Every structure is written in structure tokens, then in C-alpha cells.
Amino acid sequence: MTSAQTDWFDTPAPPPADEVLHVDVDGYEGPLDLLLDLARRQKVDLSGISILALAEQYLAFIEKVRERRIEVAADYLVMAAWLAYLKSRLMVPQAASDDEPSGEMLAAMLQFRLKRLEAMREAANRLMNRPRLGFQVYARGMPEPIEIARSAIWEASLYDLLKAYSSQRERGVVAEYAPKLRTVWSLQDARDILLRLIGDSVEWVPLDRILAEYLAKPSERATVRASTFASSLELVRQGEVEIRQGETFGPLLMRRRRKDTP
Amino acid sequence: MEQEEGDVLRRQLRIIEALLFASTEPLRAADMAPYLGEGANVTKLLKALQAEYAERGVNLVRRGDGWVFRTAEDLGFLLRREEHETRPLSRAALETLSIIAYHQPATRAEIEEVRGVATGKGTLDLLMEAGWVRMRGRRRTPGRPVTYGTTEAFLDHFGLETLGDLPGLEDLKGAGLLSGRLPADLQIPLPFTGELREDEDPLDPSDLGDPEPVDEES
Amino acid sequence: MEQEEGDVLRRQLRIIEALLFASTEPLRAADMAPYLGEGANVTKLLKALQAEYAERGVNLVRRGDGWVFRTAEDLGFLLRREEHETRPLSRAALETLSIIAYHQPATRAEIEEVRGVATGKGTLDLLMEAGWVRMRGRRRTPGRPVTYGTTEAFLDHFGLETLGDLPGLEDLKGAGLLSGRLPADLQIPLPFTGELREDEDPLDPSDLGDPEPVDEES
């Protein structure tokens, strides 16, 4: 196997130092879009791109995003896992007995997909730049009523028909709508749990760390934060705990109030 | 020099030709002048264009102060005004038609059950008149209600080869026509494409004149 | 005799000219044939008329199976009106449109494979509502997914005579970028595209989330 001497191992393009990646995935339409954007930043033709470097950039990017605790859709993580796998295939020489696709093949395929997406994007641009009807090209402004023999007096398209069908089936569904039951922490529950978790600790501890085990479930995260925060204000008022926040949007720190202090 | 002048003239003619063609109302010479550059003699250009179109199927004619393209008068037989304009199908008719398409053979009661409102007899009549819906037979249940189905003309109009080409649940979701948040038991039937289903009888001979026993409805 | 034939031809030309000029939508040869009397060669007439208008400010253009008069493209900059699109297309919609145009017939899964992301609600149905995209039929594969393609209105809007005029089509074909599937030697789908081919095993669970090399054999 000759995997060690291929294009994919060419010197990785240096990451553009002057360009700070926006640490946010909201602007991207999926992992492929993000990868294409990263590839574009290398400012070379897609055919000459280093897939290894690209994979590293993607992994670094996702890592950075997660450090900032920005939630990343599963798609991005699956791609990250796959790229990590690809990286391993590219860096480890392939055993002759190995039936799995070689790293080069996987990389070539990713490159193909990036090229294809870019080509479609360019095609869309070229389409929109054509002389379009109603923008640069015009139809007869004053059509004259000429009767062209048509088979139907009534006009309806397949789309109209399907839309009519779908919307009335959905209408039927809405009538049977039952609100989804969600777990909600009552303020009393939140107060009890908070007091139990803080215990007698007089150290400043971030609220999120106190609540770590409860915050793991995404479906309950909002109610856990909201209810405990509201309860904690009440506890402060009653002189049970103290709260501190160093900066705007910084972590909320909490501790048991020492009884001996006035 | 003359060649150049001819080119300019040709270009000016093309411009007023396009302007007149695309305009939604008659244009006056003054409306067109700004498009032609300085010193253009619009009236002369219009006369020239009029002469070019004089023998064609479309003529350039004056309407008050304005100019407009109109079908040549001797071809007026081609024009038939407002008599048979195609009209969009009403929502009620579209809904009824789509239910018949998917749920056929369907009785009127079944159509109403899906729609949740009474279906006026006029709606079914209209769909039958349009040639898209037909009476198929009678359901073998008490009252022997008439069953409705779609016609060949229906397939033809909507560009379907067979009823099996109607998109199913997943397709409708995929096209964004149905939202994802639907109960799992929501079903979209496969239209029955055969001649008569086992629970259907052929139409009675007397049905052919009279679409359905007249009953009172709101 | 020849004179007479020329007269008939002239009259036929005037008739299709009038019909086409009067209409804002493309007309098919079959739409016009009934007005021409028997034995008229509509296609030949259309070509002749197209030639007559080739240099004018208004041109006769083909749009799929239809023919229609449109203002000349080179005058576009002059006629350009300050109109704004009522609803500019989103990037997702634009990409989806071009994928359908260049890959048609394309299923939703194929569109998603190219974009690497699920098609949001309001993309396909918006394109269908605009009249540019239609459901064409079903793919003869398991599940029989609906296939999408473009319409004549799409050709008309973007000024294309046929799909073969799509910009860059030949280059893209040549580069192998339009094959519905990946090139034969590259058929290893990414995880997010769904199925694996029968000759493949999925990644081990341990591959996921472990960025380190996992190859133990070598």
C-alpha cells in the first residue's frame, strides 16, 4: 500500500491566522456547508485541497464551539466522528488484509461531495444572473383575450390539489391536538433540591455545577434553571444562601450563608 | 456614415418595439423618448414601425395619444372575449376532489367525514361536469349510497400516469405539504384503482340520468 | 399557383403571429394547429416566424414545448424596471432549485445527499408554489419515492429553451458532478447520508467520539 505518499499528505495549508472563525454554527446549513466554507478559506482549488488539514480544521472548529457550550446539532457531531475516523485512516498505513475502504478513497469521496455542492451553488448563481423574466426580459404587457382550445374550463394544478388534501388532513389532526406533558419543577421542589445540593458548603460554587446531574437532560434544562433560579432569590431573601455574579452572563455563584454573620 | 445612422435607427426601432410590447398601457411618444437618447424623432420612429407591422398579424395602432400593438382586425375571429375564461377551482371543490382522488371509491358521507363539513351537491356536480369525477357504483351498505371516483381526464389534467403516482404520506411530508408533527396513526389511503371493489355494486340503470337521489341539505 | 401557396403561407404566419403575440404564456404547436387548417406544418411556420423576428426588439423563443414572444435579451438593461422580488429565494431554496434542475429527476433523498442537510419545510413546497418545480413521478426503487423536476415556467423565467441550455451543464457532466450516485469507485456514503451499501459494515461504535486512530491490525 502506498498510502504514505499521496496528495492527502501534502503539507497541510496553514490555518489562516488572520481570520478568526466565527464560533457559531447557526450560519451554516449543515456540516457539508461548514466544511465547504473551511475549504474556501484555504483559498485554493478544491482539487488541490488537503483533506487532512480540512478534517483537522473542522474538528478544531467543533471543539471550539463545544467549549463555548454552544449546542451543536447531531449532524455536526456525526461528521466530526466520521472525520476523526477519516483522519485515522489517512495517518495509519493500511494493512493489506484490510477490507475497509482506504483513507484515500474516503477522502476522495468527501472531496467529490464538496465539489458537487460547490458546483450546484455556482449553478444557482449563474441561473439567477441570467436575464430573467420580469427583470430583464418581458412578456406581452397587454395580452389580448384569445381563446386557445383547452380541455378544461377549470384550472387547478397538482400542487393545488395536494395542498388542499394535506391541509384538510392536518386540520383534522389539530382538532385532536393534546399538549405534550412536560416535566416542570415546582418552586418548592427546586428549593428543596437546591438546599440539599448546597448542603453546608460555604465555598462559592457555580449554579450549573451544583445542578450538573439535573442539567444533563436537555428536555428539563430550562425548567431546572428557571425554577432553581427563582427559588434561589427567595432563599437569598430568607438569608439562607448568597449569590454572586462576576460579570454579565458570567456564571452564577452560590454558597450557604454563614449563620454567624449579621 | 449612412451605415452608422441606419444602425442607430434600427436600434431605436427595436427599443420602442420592446417598450410597446411590454407596456401594460398605451404609450405616448413622450413616454418613450427618455429611452432613446437625445434628438430621436419618436413620431417618425413610430410611423416607421407602424409601416413595418402594417401587413403583419399584429399592427401598431393609435389609441388616443398613445400607441399600442393590437391583433390585426381581419384576424379578429381569433379573439373571443371573456366567454370561456378558465377559472380557478374553488377551495371546496379542490378539497372534495382531492379526497375523492385519495379515498376512492368514496361516498358523499365519507367525503364529508374527512372534510368535516357538508359537501354541497353543487360541488360534486361541478367536478363531474369538469369531467374529473364520476359515479363508480353503489356501496353495498344500507341506503346503497353512490360511490365516486376520478376519471381518465383527471389523470390527464394533473399529469399523473396512474393513481398510484399520487404522493403518499412520506412524500407529502418530504415536500413540506404535511408537517412532521402528525399522529403516528394518521394514514393516507392508497387509492383503489380497479373497476369495482368487492363492496361495490354497479350503478343502477336509473342512476345514469339522475346523479343522486335529491335530498335536502343546508 | 406559387403565388397562391405564398399567400396561404403568409396568412398562416399572420395567424400564429397574432396568437403568440396576444398571449403572455408559451403556446404549443398543438394549441395553434386548429386555427391553421389541415396540413399546416406548424413547426416550420414557427421557425420561419422566429427567423423574421430574430433581429427585432421582440423575439420569438422556444420554452420547452412552447413558443412565446419575449423582449430581446440585449435590451434588458434598458428596460430594467426597479422591481423587487416579492419573496427573494433563500440560499436553501436556490440550491435545491439548481440541484433539481441539474439532477432531475431527483428524489428528496438525492437532494439532501448533495446538500448534506435535511430539506427544511417550506423549501420544496415554496418552489412548487412558485411554479418552477413539480412532482414528476416515482422512482422505481424500494419505497417508490416521488421524483422532482422543473417546469416550463422555470425555463421561461430563466430564459432557457430547453434543459440542455442550463448554464455549464456540459462541463458539470464532463466533470462527473451530475451523476445521481457517486462515481462507482467512490460509493461509500457518509454517515449522515443514511444507508450503507450491502458490501459494507457500519463504523464500529468505538469509532464515534474517539478521534484517535483505532486500527489495531497494523
Side-chain angles (χ1 to χ4, degrees), chain A residues 29-30 32-33 71 73-76 78 117 120 124 130-183 218-219 222, chain B residues 18-26 58 68-71 78-99 101-102 113-116 126-127 129-132 153 156-160 166-167 169 171-173 175-179 181-183 186 188:
Chain A
E29 296 223 9
L32 209 56
D33 186 26
E71 302 208 4
D75 274 359
Y76 290 89
V78 174
L117 180 60
M120 284 301 107
R130 287 187 60 81
R132 290 162 60 201
L133 186 64
F135 296 89
Q136 290 91 13
V137 170
Y138 296 92
R140 176 80 189 270
M142 273 179 290
E144 294 175 79
I146 281 191
E147 161 82 354
I148 293 297
R150 291 195 201 276
S151 46
I153 307 169
W154 299 99
E155 265 306 315
S157 70
L158 182 60
Y159 174 72
D160 296 333
L161 188 76
L162 299 176
K163 195 167 172 150
Y165 184 69
S166 304
S167 57
Q168 59 188 328
R169 289 307 301 274
E170 280 202 321
R171 247 192 348 252
V173 168
V174 172
E176 295 154 23
Y177 175 76
K180 210 164 66 181
L181 286 178
R182 304 174 67 167
T183 323
S219 59
Chain B
L19 285 170
L20 285 164
F21 173 85
S23 171
T24 53
E25 52 195 47
V58 175
V68 65
F69 276 119
R70 280 281 173 248
T71 304
L78 294 172
L79 305 178
R80 261 195 272 162
R81 284 169 217 287
E82 322 278 330
E83 274 172 35
H84 286 296
E85 236 184 321
T86 56
R87 273 184 286 169
L89 212 55
S90 72
R91 203 182 73 164
L94 264 175
E95 290 183 1
T96 305
L97 178 61
S98 67
I99 293 167
Y102 274 97
E113 199 192 303
V114 179
R115 283 198 69 208
L126 183 148
L127 291 171
E129 235 171 274
W132 291 340
D156 197 39
H157 181 92
F158 291 99
L160 301 164
L166 280 172
L169 181 66
D171 300 314
L172 290 174
K173 271 193 206 161
L177 288 165
L178 277 178
S179 72
R181 124 187 118 64
L182 293 168
L186 181 91
I188 286 190

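Proteins get letters first, then strands, A, B, ... in listed order; numbering begins at 1 in each. Predicted, not measured: the structure shown is a model, and the values here were computed from it.
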(message) Is the ring pair B/H157/B/W132 parallel, tilted or perpendicular, if the boundaries are 30 and 60 degrees?
(response) tilted

(request) Please tell me if the side chains of A/R169 and B/Y102 come closer than 4.5 Å, counting only heavy atoms from C-beta onward. (result) no

(request) Give, as side chain, backbone, both or neither, the part of B/I99 having an atom under 4.5 angstrom from any heavy atom of chain A. (result) both

(request) Indicate yes or no: at least one non-hydrogen side-chain atom of B/E25 is less than 4.5 angstrom from one of B/V68. (result) no

(request) Under 4.5 Å heavy-atom distance to chain A, tell me which part of B/L160 shows up: side chain, backbone, both or neither. (result) side chain

(request) Kindly say whether B/A92 contributes a backbone atom to a donor-acceptor pair with the side chain of B/T96 at under 3.5 angstrom? (result) yes

(request) Examine distances only and state if a side-chain atom of A/S157 and a backbone atom of A/D160 form a donor-acceptor pair shorter than 3.5 Å. (result) yes

(request) Sort B/R91 into side chain, backbone, both or neither according to what part of it lies under 4.5 angstrom from a heavy atom of chain A. (result) side chain

(request) Check whether A/A156 gets within reach of chain B through its side chain, its backbone, both or neither, counting any heavy atom under 4.5 Å. (result) both

(message) Heavy-atom pairs under 4.5 Å with chain A - which of B/L172, B/L177, B/L20 has more of them than the others?
(response) B/L177

(message) Between B/S98, B/A18, B/G159, who has the most heavy-atom pairs with chain A when the cutoff is under 4.5 Å?
(response) B/S98

